[in-house]
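Side chains are part of it too, since the values below use all heavy atoms of this structure and drop only hydrogens, waters and symmetry mates. In what follows, chains are A, B, ... by sequence order, proteins preceding strands, each numbered from 1.
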Protein chains: 2
Amino acid sequence: MSVLNRINAKLDGMAPGDRQIGQYILDNPDQMLRLSTAALAAEIGRSQSSVVKFSQKLGYASYQELKLAVSEARAKDWQVPAGVIHGSIEVGDDYPVILRKLVGSKLLSMQQTVASNDEQHIGKALAALDRARRIHLAGVGASSLVARDFSYKLMKLGRNVLHDSDSHVQMANASALGAGDVLFALSYSGASIETLRVAELARARGATVIAVTGLHDNPLSRVADIRLHTVADEEKARSSSITARDAQLTLTDLLFILLVQSQPDANEYVHNSEVAVSVLKA
Amino acid sequence: MSVLNRINAKLDGMAPGDRQIGQYILDNPDQMLRLSTAALAAEIGRSQSSVVKFSQKLGYASYQELKLAVSEARAKDWQVPAGVIHGSIEVGDDYPVILRKLVGSKLLSMQQTVASNDEQHIGKALAALDRARRIHLAGVGASSLVARDFSYKLMKLGRNVLHDSDSHVQMANASALGAGDVLFALSYSGASIETLRVAELARARGATVIAVTGLHDNPLSRVADIRLHTVADEEKARSSSITARDAQLTLTDLLFILLVQSQPDANEYVHNSEVAVSVLKA
DNA sequence: TCGGGGTTGGAATAATTTATTCCTCTTGCC
DNA sequence: GGCAAGAGGAATAAATTATTCCAACCCCGA
C-alpha cells in the first residue's frame with residue numbers, strides 16, 4: 001500500500017501537529033520531496049524535530065526513507081486514462097464535467113482498492129472461503145446489498161452461503177456458526193454495531209472472520225482474522241457513499257473471479273445458472 | 001529520458017572515477033538510493049567529494065536531486081506494463097493481470113455507458129423522476145439489487161419510492177400506479193419476463209416508464225417512454241454480469257447526482273440521513 | 001481539586017551528511 | 001622543461017538530520 005494512503009488512513013488518529021504534517025505531504029507530495037525537514041517544518045510553522053518524529057512514527061528509519069517512499073508512491077500512481085477527471089463534484093459543474101468526475105472517482109476508488117490489498121491477504125481470504133463449510137455474509141445498509149450480490153455469485157459456484165438483510169436474522173445465524181465456517185463482514189466505517197456484534201459472535205463461536213473495511217483503524221477489523229480494505233473518497237455526504245460501495249464491489253468481484261480461476265468446474269456451474277435463468281426470459 | 005539512460009550514454013566519455021560511480025549506480029540503483037555520498041564512495045573506494053561532483057556534472061543541484069531522479073526512474077520501470085488493460089480475463093492470467101483487467105473492463109463499461117446516453121435522454125428521465133408522485137423500481141436478480149440501491153438513494157432525497165425484490169409484489173404494486181407516477185425498470189437483457197410484465201402493466205395504467213437496458217433491441221425498451229442504456233461486456237458467463245451491474249450502477253449514480261445538483265435542499269436531506277444512521281455506529 | 005502518568009511538541013544539541021575549498025598529481029602540449 | 005587544465009582526494013565548512021531533554025497539557029482516578 002502506498003505511503004500516501006497510509007498517511008491518509010491514519011490522519012484522523014494523529015495528534016494535531018502530525019496531522020498538519022501529514023496533510024501537507026498529501027497536498028504537496030512533489031514539493032515535499034525537495035524540502036528538508038527544517039524547510040518542511042517552516043512551511044507549516046512547526047519544529048524541525050516534529051518532522052523527523054513524524055517519519056519515525058510512520059515506521060520509517062529516517063526522513064530520507066519517507067521521502068523515498070513518497071517518491072515511489074508518486075511515480076507509481078496509475079496514469080489516468082484520457083477523459084477522466086479526478087475531483088469532487090461541485091454545484092456549478094455542467095453535465096460533461098459531472099460525467100468525467102463520476103467515472104474518475106469511481107475509477108480511483110477501484111484502483112486504490114485493488115492496490116491496498118496485497119496478494120497474500122487476498123490469498124488468505126480466498127483459501128478461507130474455499131475451505132469454508134458455510135459462508136455467512138454480514139452487512140447492513142448499502143453493505144448488505146454488496147453482501148447479497150456476492151452471495152448470489154458464490155451460490156452460482158455451488159457454495160453454501162447465508163445472507164439476510166435483517167440484522168436480527170444475521171445475528172441468529174451467526175450463533176449457529178462454528179469452526180470451519182467463515183463470516184464475511186462488510187462495513188466501510190467498520191463501526192456498524194449490528195455487523196460488529198455479528199462478527200464478535202462468529203469469532204467467539206470459532207468461525208474465521210474476514211472483515212472488509214476502510215483503511216482507518218476500526219472496531220470491526222480488530223475483531224477479524226483476515227482484514228481486507230476498501231478505499232473510497234471521504235466526502236460521503238455529497239456522493240452518498242457511491243465510491244465506498246464501488247470499492248466493496250470491486251473487492252468482492254475480485255474474490256469471485258479468483259475463485260472461478262481456482263475452481264476447475266466453475267464455468268460449468270456459472271453456465272448452468274445462466275441457462276436456468278434464461279427460462280424466465282421473453 | 002531517465003537518469004539511468006543518461007548515465008549509461010555518458011559513461012564512455014567520463015573520467016575513470018566518474019565512470020566507476022556511474023557504473024555502480026547503474027548496477028545497484030536501489031542500494032544507491034539508501035547510501036549517503038560517503039557510503040557510496042566507500043563502496044567503490046573513492047572519495048566522498050567525488051560523488052557530490054558526479055551529481056553536479058550530471059546537471060543536478062545536489063546529490064539528493066540525483067537520488068530523486070534515480071528513484072523516479074526505478075519506480076517507472078516497475079510499471080512498464082502499467083495501468084489499465086482492456087481484455088477478458090483468461091484462465092492463465094496471474095494476479096496483477098487479473099487486477100488490471102478487472103479494473104479495465106469495469107472502467108470501459110462505465111465510460112461507454114455514460115457515453116451512450118445523451119444529455120437529452122438523461123434530462124427527460126431526470127424531469128420525470130423529479131415530477132413523479134411515486135417512483136416504482138422494477139428489476140429481478142442482480143438488477144433488483146441495483147434497484148434497491150437506487151431506491152435507498154432516492155429515499156435519502158425524500159422521494160416517494162417503492163421497491164420489493166419479489167416480482168409478485170412488484171406486479172401488485174404496479175397495478176396501483178397511474179398518471180403522474182414513474183416506473184423505473186432495469187434489465188440488461190430487456191427480456192426478463194417479470195420486469196417486462198410490470199412495465200407493460202404500468203404503461204397501461206398511465207405511468208411513465210423509464211427502461212434501463214442494453215443497447216440491443218429488446219422488448220422492455222419497446223414498452224418504455226424513456227429509454228436509457230447500459231453497456232457491458234458480453235461475455236457474461238465468465239464475469240457473471242459484473243460489468244452489466246456496474247453499468248446500471250453508473251447510470252443510477254449519475255441520475256442521483258444530477259438530482260442532488262438540481263434539488264437545492266438535497267445536501268441537507270442526505271446529511272440528515274447520515275446523522276440518523278450514525279446513531280447505529282460504535 | 002489535586003497529583004501522577006502519559007502525550008505532545010519545541011529548543012538545544014549531537015551526529016551525520018553534503019558541499020566547497022584547496023591542494024597535489026597527472027597528462028598533454030608547446 | 002614548462003605550462004595549462006583537469007582529475008581527484010583531504011580538509012573543512014555548511015547543511016541537514018536525529019536525539020535528548022524539558023515544559024506544557026491533557027486525562028484519570030483519588
Side-chain angles (χ1 to χ4, degrees), chain A residues 3 6-72 216-217 219, chain B residues 3 6-72 282:
Chain A
V3 222
R6 292 235 330 276
I7 294 176
N8 195 29
K10 293 191 177 174
L11 213 57
D12 285 339
M14 285 178 174
D18 285 346
R19 179 153 54 231
Q20 209 177 342
I21 297 171
Q23 191 64 57
Y24 183 86
I25 295 176
L26 291 179
D27 293 342
N28 314 283
D30 292 320
Q31 286 89 312
M32 173 272 186
L33 290 175
R34 276 141 227 288
L35 294 175
S36 68
T37 51
L40 201 168
E43 282 290 315
I44 55 175
R46 299 249 153 203
S47 74
Q48 176 263 334
S49 60
S50 62
V51 175
V52 175
K53 288 171 188 169
F54 177 86
S55 316
Q56 294 170 338
K57 282 179 201 160
L58 276 176
Y60 295 98
S62 72
Y63 177 63
Q64 293 302 330
E65 292 277 330
L66 171 62
K67 272 190 172 182
L68 239 40
V70 170
S71 162
E72 187 181 352
H216 46 268
D217 183 44
Chain B
V3 223
R6 292 234 332 274
I7 293 176
N8 196 31
K10 291 191 177 178
L11 213 57
D12 286 339
M14 285 178 173
D18 284 348
R19 180 152 55 231
Q20 210 177 340
I21 297 171
Q23 192 63 56
Y24 182 86
I25 295 177
L26 290 179
D27 292 342
N28 314 284
D30 292 320
Q31 286 87 316
M32 173 271 187
L33 290 174
R34 275 141 227 286
L35 294 175
S36 68
T37 51
L40 202 169
E43 282 290 314
I44 55 177
R46 297 254 155 199
S47 75
Q48 177 264 333
S49 61
S50 61
V51 176
V52 175
K53 288 170 187 169
F54 177 86
S55 315
Q56 294 169 338
K57 282 178 201 162
L58 276 176
Y60 295 99
S62 72
Y63 177 63
Q64 292 302 331
E65 292 278 331
L66 171 63
K67 272 191 172 182
L68 237 40
V70 171
S71 162
E72 189 180 351

Participant: Find the distance A:Gln56:CD to D:dT20:C1' and express it as a whole number of Å.
Facilitator: 12 Å
Participant: With respect to the side chain of A:Ser36, which nucleotide from C:dT20, D:dT17, D:dG9 is positioned closest?
Facilitator: D:dT17
Participant: OP1 or OP2 of D:dA18 sitting under 4.0 Å from any side-chain N/O of A:Gln64?
Facilitator: no
Participant: Give a yes/no on whether any side-chain N or O of B:Ser50 is located under 4.0 angstrom from OP1 or OP2 of D:dG8.
Facilitator: no
Participant: Just the table, please: protein N/O against nucleotides 21-28 of chain C N/O, every pair under 3.5 Å.
Facilitator:
none

Participant: Restricting to side chain to side chain donor-acceptor pair (under 3.5 Å), what partner residues turn up for B:Arg34, sequence neighbours left out?
Facilitator: A:Glu65
Participant: Grab the OH-P distance between A:Tyr63 and D:dT19 for me, whole Å please.
Facilitator: 16 Å
Participant: Rounded to whole Å, how long is the line connecting atom CG of B:Leu58 with atom C1' of C:dA19?
Facilitator: 16 Å
Participant: Between B:Leu40 and B:Phe54, does a side-chain contact (heavy atoms from CB on, under 4.5 Å) hold up when you go through it step by step?
Facilitator: CA-CA 12 Å; B:Leu40 202 169; B:Phe54 177 86; over 6 Å; no
Participant: Just how far, in rounded Å, is C1' of C:dT17 from CG of B:Leu35?
Facilitator: 13 Å
Participant: Mind checking what makes side chain to side chain donor-acceptor pair (under 3.5 Å) contact with A:Asp217, not counting sequence neighbours?
Facilitator: A:Arg222
Participant: How close or far is atom P of D:dG8 from atom CD1 of B:Ile44, stated in whole angstroms?
Facilitator: 11 Å
Participant: Main chain of A:Leu35, side chain of A:Lys67: is a donor-acceptor contact present, judged purely on distance under 3.5 Å?
Facilitator: yes
Participant: Atom CD in B:Gln64, atom OG1 in B:Thr37: separation rounded to 0.5 Å?
Facilitator: 9.0 Å
Participant: When you check the phosphate oxygens OP1 and OP2 of D:dT17, does a side-chain N or O of A:Ser62 lie under 4.0 Å from one of them?
Facilitator: no
Participant: Taking atom P of C:dA19 as reference, at what distance in whole Å does atom NZ of B:Lys57 sit?
Facilitator: 15 Å
Participant: Any side-chain heavy atom of A:Lys10 within less than 4.5 Å of one from A:Asp18?
Facilitator: no
Participant: Taking C-beta and beyond as the side chain, do A:Glu72 and A:Leu68 meet within less than 4.5 Å on heavy atoms?
Facilitator: no
Participant: Take the protein atom CD1 of A:Ile21 and the nucleotide atom P of D:dT17, then report the distance between them rounded to whole Å.
Facilitator: 13 Å
Participant: Quickly work out the B:Leu68 CG to C:dT18 P distance and round it to whole Å.
Facilitator: 13 Å
Participant: Could a donor-acceptor pair under 3.5 angstrom be found where the side chain of B:Gln48 meets the base of C:dA19?
Facilitator: yes
